[in-house]
Amino acid sequence: MADRPAERLQSLTGMRDVLWPESARRRELVDRFVGTASAAGYREVVPPLLEDLRVFLRVGEATDVVTKEMYEFTDRDGTRVALRPELTAGVVRAFVQHRPLTPWKVFYTGSNFRHERPQKGRYRSFDQVGIEAIGSDDADLDVEVIALAWRFFEDIGLTEVQLLLNTLGEHDDRARYTEAVRGHLGAHRDSLSEAARTTLERNPLRVLDSRRPEDRAAVATAPTIAEFLSPAASQHFARVKEGLEALGIPYTIDERLVRGLDYYRRTTFEFAAMALDAAQNAIGGGGRYDGLAESMGGKPTDGIGFALGVDRMLLAADAESVFEAPEAHLDAFVVDLTGGAAARDITHELRAAGISADRRFDPGSMKSQMKAADRSGAGHAVIVGEDELAAGEVTVRVLRGHSDTAGESVQERVRRQDLVAHLQQRR
RNA sequence: GUGGCCGUAGCUCAGUCCGGUUAGAGCGCCAGGUUGUGGCCCUGGAGGUCGGGGGUUCAAGUCCCCUCGGUCACCCCA
């Protein structure tokens, strides 16, 4: 067989690698979210990536997410399973399974999978951060959940975010409203786009947020949810709005806001990044899902939560020129001109003392090592030459951006055994 | 799933319309200038299956077909 170079393998469509420094931004974003959620009493839950297919079917059999976009397959033992397309279903399943004390306030971070055609801000594997609060129908909880997302956007510096708010009413309200919409759109069937006519069959409410121009007229004259709300649902919604106003969180009522998953009841909301001109400008969304726990075999339990898209928040941050990638940083970079043993030992010693340190392998000339030191973002170069080695010393040189005297280089000899203390002091 | 646009060095791109000697630039990388001192500057260098396959031709990065990938929009959604 002739030698032929192996095919260069690459990531799957819609899946990508996140390399530094972008990875550092993501890490920072997720860490900040964990801080925000924890500080409000939410505790982490880590559901599995793979679930019994039925967990997700409960999310809504009429939704594209479930019917067309799921990575599902039959496991070796014949079980029908799926990679999670979102996190709420798994979290509610966990709630039903473990019966924790309520209200169960949890946060999560992790990847989801949807087999869609990728585009800007939409990948087949995408990360979300989110929270769920299960076991209370207090409207103030709706307010807390929304406020927490709002706080988080402020924390990472996003300012051009619009909160879109709506209510879908109680289960029965939603059902009656759905029928009314079906009736109305059915009467205007001829003017609807073909896609809308298909959608109308299985999920009339979804037609309401169609972007197609042909559908606009019929949608504009469609009945609104307001007239179908029960007194209880109206009151709940009023309290949510009142709470948001009290906290100074601006919102826009959007009666067309239906959201893609079938389980939503009462409060629904979405966060739109106004700085993004891309089609995918929703950076997060959520709502109440009273009834979901019941559908998974649990007792009827109210819940509310949101999920925020990590990629889209970062795109929005780019558009607003905020939340930039942190620069590389190290306390010290060890430059060894004596063969490498000193670098090996000093680097190890510094790290053990809690001082961040790196060095160059296959070290090359001093110049090349100094360049590497500069690139590493290190505050100091710890230089070991034959002189220093013989004297039991090292040279500590202050590098760019850490020098007190602008432009002037500063360096001094330090006894080897004083190096750790010296660097700790300079930090 | 449907449609438009695009694949040339690690990155950003020129060259493709009108086929023609060793395929270029900037940035980055490496080395030297500075035999123990980074950044700035100067000089030099390495680095390319021109996405892949097939076809037309004396000759293909350039033309044709297929295919893979990317991107944007629709759909849908974070």
Side-chain angles (χ1 to χ4, degrees), chain A residues 4-16 19 62-69 85-88 110-130 149 193-196 198-199 203 206-207 209-213 215 258-261 270-273 276-286 306-316 333 335-338 360 362 364-378 380-389 395-403 406-411:
Chain A
R4 195 197 285 169
E7 185 184 356
R8 194 152 54 199
L9 301 177
Q10 53 186 9
S11 56
L12 296 169
T13 294
M15 314 253 175
R16 72 260 168 75
L19 274 45
T63 63
D64 283 7
V65 168
V66 169
T67 56
K68 302 196 309 206
E69 301 170 359
E86 55 112 42
L87 272 147
T88 302
S111 300
N112 302 291
F113 302 87
R114 293 181 194 173
H115 191 100
E116 305 174 273
R117 196 70 173 265
Q119 68 188 76
K120 195 174 190 65
R122 186 174 75 187
Y123 309 97
R124 289 183 176 176
S125 167
F126 63 101
D127 284 7
Q128 288 183 330
V129 298
S193 65
E194 194 184 327
T198 313
T199 308
N203 199 342
R206 289 238 48 84
V207 179
D209 56 15
S210 163
R211 290 169 189 251
R212 293 168 292 261
D215 302 335
V258 171
R259 306 207 31 81
L261 304 170
E270 192 165 292
F271 300 101
L276 285 179
D277 54 1
Q280 317 297 334
N281 73 342
I283 57 175
F306 65 69
L308 311 178
V310 171
D311 295 300
R312 292 192 187 173
M313 285 191 284
L314 290 172
L315 284 173
F333 194 98
V335 172
D336 184 357
L337 310 173
T338 66
R360 177 156 170 168
D362 309 306
S365 68
M366 180 175 196
K367 178 171 179 164
S368 72
Q369 292 189 57
M370 287 300 292
K371 277 174 80 101
D374 187 52
R375 237 186 336 241
S376 76
H380 307 87
V382 173
I383 303 165
V384 186
E386 298 298 346
D387 291 357
E388 288 89 341
L389 196 64
T395 294
V396 176
R397 180 180 175 84
V398 179
L399 295 179
R400 175 183 55 173
H402 304 271
S403 175
E408 278 301 298
S409 56
V410 176
Q411 66 183 43

*Between B/rC68, B/rA78, B/rU71, spot the one nearest the side chain of A/Gln10, thanks.*
B/rC68

Polar pairs (N or O, both sides) under 3.5 Å between protein and nucleotides 40-50 of chain B?
none

*Remember a base hit wins even if backbone is also touched, and classify A/Ile283 as base, sugar-phosphate or nothing at under 4.0 Å, heavy atoms.*
sugar-phosphate

*Please report, rounded to the nearest Å, how far the P atom of B/rC72 is from the CD atom of A/Glu116.*
14 Å

*asked:* If we ignore hydrogens and angles and just use 3.5 Å, is the side chain of A/Arg114 paired with the main-chain N or O of A/Ser125 as donor and acceptor?
replied: no

*Heavy atoms under 4.0 Å, any strand shown: does A/Ala373 hit a base, just sugar-phosphate, or nothing?*
nothing

*asked:* List the residues meeting ring pair (Phe, Tyr, Trp, His ring centres under 6.0 Å) with A/Phe306, not counting sequence neighbours, and say none if there are none.
replied: none

*asked:* Roughly how many Å apart are B/rA78 and B/rC41, using the P atom of each and rounding to a whole number?
replied: 48 Å

*Does any nucleotide pair with B/rU43 by Watson-Crick or G-U wobble geometry, both distances under 3.5 Å, and what is it?*
B/rA31

_Distance, C1' atom - from B/rC29 to B/rG52, rounded to whole angstrom_ = 28 Å

_Closest nucleotide among B/rG36, B/rA78, B/rU71 to the A/Arg117 side chain_ = B/rU71

*Select base, sugar-phosphate, or nothing to describe what A/Phe306 touches, counting heavy atoms under 4.0 Å on all strands.*
nothing

*Residue matched to B/rC77 through Watson-Crick or wobble contacts both under 3.5 angstrom*: none

*Within the structure shown, what part of the strands sits under 4.0 Å from A/Arg375 by heavy-atom distance: base, sugar-phosphate, or nothing?*
sugar-phosphate

*B/rG55 to B/rU62 separation - C1' atoms, rounded to the nearest Å*: 15 Å

_Separation of atom CZ in A/Arg114 from atom C1' in B/rC76, rounded to whole Å_ = 9 Å

*If you measure from the C1' atom in B/rG70 to the same atom in B/rA60, how many Å do you get, rounded?*
24 Å

*asked:* Using the side-chain heavy atoms of A/Met370, tell me which of these nucleotides is nearest: B/rG38, B/rG70, B/rA78.
replied: B/rG38

*asked:* Is any side-chain heavy atom of A/Gln128 closer than 4.5 Å to one of A/Leu308?
replied: no

_hbond_proxy A/Arg122 side chain to B/rC76 base (donor-acceptor, 3.5 Å cutoff)_ = yes

_Classify A/Gly364 by what it touches in the nucleic acid, base, sugar-phosphate, or nothing, heavy-atom distance under 4.0 Å._
nothing

*May I have the distance from A/Met366 (atom CE) to B/rG39 (atom P), rounded to whole angstrom?*
12 Å

*asked:* Suppose you measure atom P in B/rC72 against the same atom in B/rU34; what distance do you get, rounded to whole Å?
replied: 50 Å

*Side-chain contact, heavy-atom cut-off 4.5 Å: A/Glu69 with A/Arg124?*
no

*Ignoring hydrogens and angles, are the base of B/rG1 and the side chain of A/Glu69 linked by a donor-acceptor pair under 3.5 Å?*
no

*Closest to side chain of A/Thr395, choosing from B/rG38, B/rG36, B/rA78*: B/rG36

*Ignoring hydrogens and geometry, is there a side-chain-to-backbone donor-acceptor pair from A/Arg312 to A/Ala282 under 3.5 Å?*
yes

_Whole-angstrom distance between B/rC18 and B/rC63, as gauged at atom C1'_ = 11 Å

*Let me know the distance between CG of A/Asp362 and P of B/rC29, rounded to the nearest Å.*
18 Å

_Complementary nucleotide of B/rG38, counting Watson-Crick and G-U pairs under 3.5 Å_ = none

*Whole-angstrom distance between B/rU49 and B/rG39, as gauged at atom P*: 30 Å

*asked:* By nearest heavy atom, map A/Tyr123 and A/Pro118 onto RNA chain B; which one lands nearer the 5' end?
replied: A/Pro118

*Answer with yes or no whether A/Gln369 presents, from its side chain, a donor or acceptor under 3.5 Å of a partner atom in the base of B/rU37.*
no

*Are A/Met313 and A/Val129 close enough that some pair of their side-chain heavy atoms sits under 4.5 Å apart?*
yes

*asked:* What's the closest nucleotide to the side chain of A/Lys371 if the choices are B/rU37, B/rA78, B/rG38?
replied: B/rG38

*List in chain and number order the residues that pass salt bridge (Lys or Arg N to Asp or Glu O under 4.0 Å) with A/Asp374, two or more places apart in sequence or in another chain; answer none if no residue qualifies.*
A/Arg400

*Kindly write out the residues that satisfy side chain to side chain contact (heavy atoms under 4.5 Å, CB included) with A/Asn281, not counting sequence neighbours, or none if the list is empty.*
A/Ala272, A/Leu276

*Calculate the interatomic distance between A/Asn281 atom CG and B/rC72 atom P; express it in whole Å.*
14 Å

*For B/rU71, which nucleotide is its Watson-Crick or G-U wobble mate, given both distances must be under 3.5 Å?*
B/rG4

*Taking CG from A/Leu9 and P from B/rG69, how many angstroms apart are they, rounded to a whole number?*
13 Å

*Which listed nucleotide (B/rG69, B/rA78, B/rC72) is nearest to the side chain of A/Lys120?*
B/rC72

_Base of B/rG38, side chain of A/Arg397 - is there a donor-acceptor contact under 3.5 Å?_
yes

*Should A/Gln369 and A/Ile383 count as side-chain neighbours, where that means a heavy-atom distance under 4.5 Å?*
no

_Base of B/rC77 paired with side chain of A/Arg312 (donor-acceptor, under 3.5 Å)_ = yes

*On a plain distance test, is the side chain of A/Arg16 in donor-acceptor contact with the base of B/rG70 below 3.5 Å?*
no

*Is there a donor N/O on one and an acceptor N/O on the other, under 3.5 Å, for the side chain of A/Gln119 and the base of B/rC75?*
yes

_Nearest-nucleotide comparison on RNA chain B, the residue closer to the 5′ end among A/Gln128 and A/Ser11_ = A/Ser11

_P atoms of B/rA46 and B/rU37, separation to the nearest Å_ = 27 Å

*Separation of A/Asp336 atom CG from B/rG38 atom C1', in whole Å?*
17 Å

_Under 3.5 Å on both distances, the Watson-Crick or G-U partner of B/rG26_ = B/rC11

*Can you tell me the Watson-Crick or wobble partner of B/rU21, both distances under 3.5 angstrom?*
none

*asked:* Can you identify which nucleotide, out of B/rG36, B/rG39, B/rA78, has its nearest atom closest to the A/Asp374 side chain?
replied: B/rG39

*Under 4.0 Å between any heavy atoms, over every strand shown, what does A/Asp127 touch: base, sugar-phosphate, or nothing? Just pick one.*
nothing

*Contact class for A/Gly286 (heavy atom, under 4.0 Å): base, sugar-phosphate, or nothing?*
nothing

*Who pairs with A/Tyr123 by side chain to side chain contact (heavy atoms under 4.5 Å, CB included), at least two apart in sequence or on another chain?*
A/Arg16, A/Asp311

*Who pairs with A/Arg360 by salt bridge (Lys or Arg N to Asp or Glu O under 4.0 Å), at least two apart in sequence or on another chain?*
none

*In whole angstrom, give the distance that lies between atom CZ of A/Arg124 and atom C1' of B/rG1.*
11 Å

*Side-chain donor-acceptor contact under 3.5 Å, A/Gln411 with A/Thr395*: no

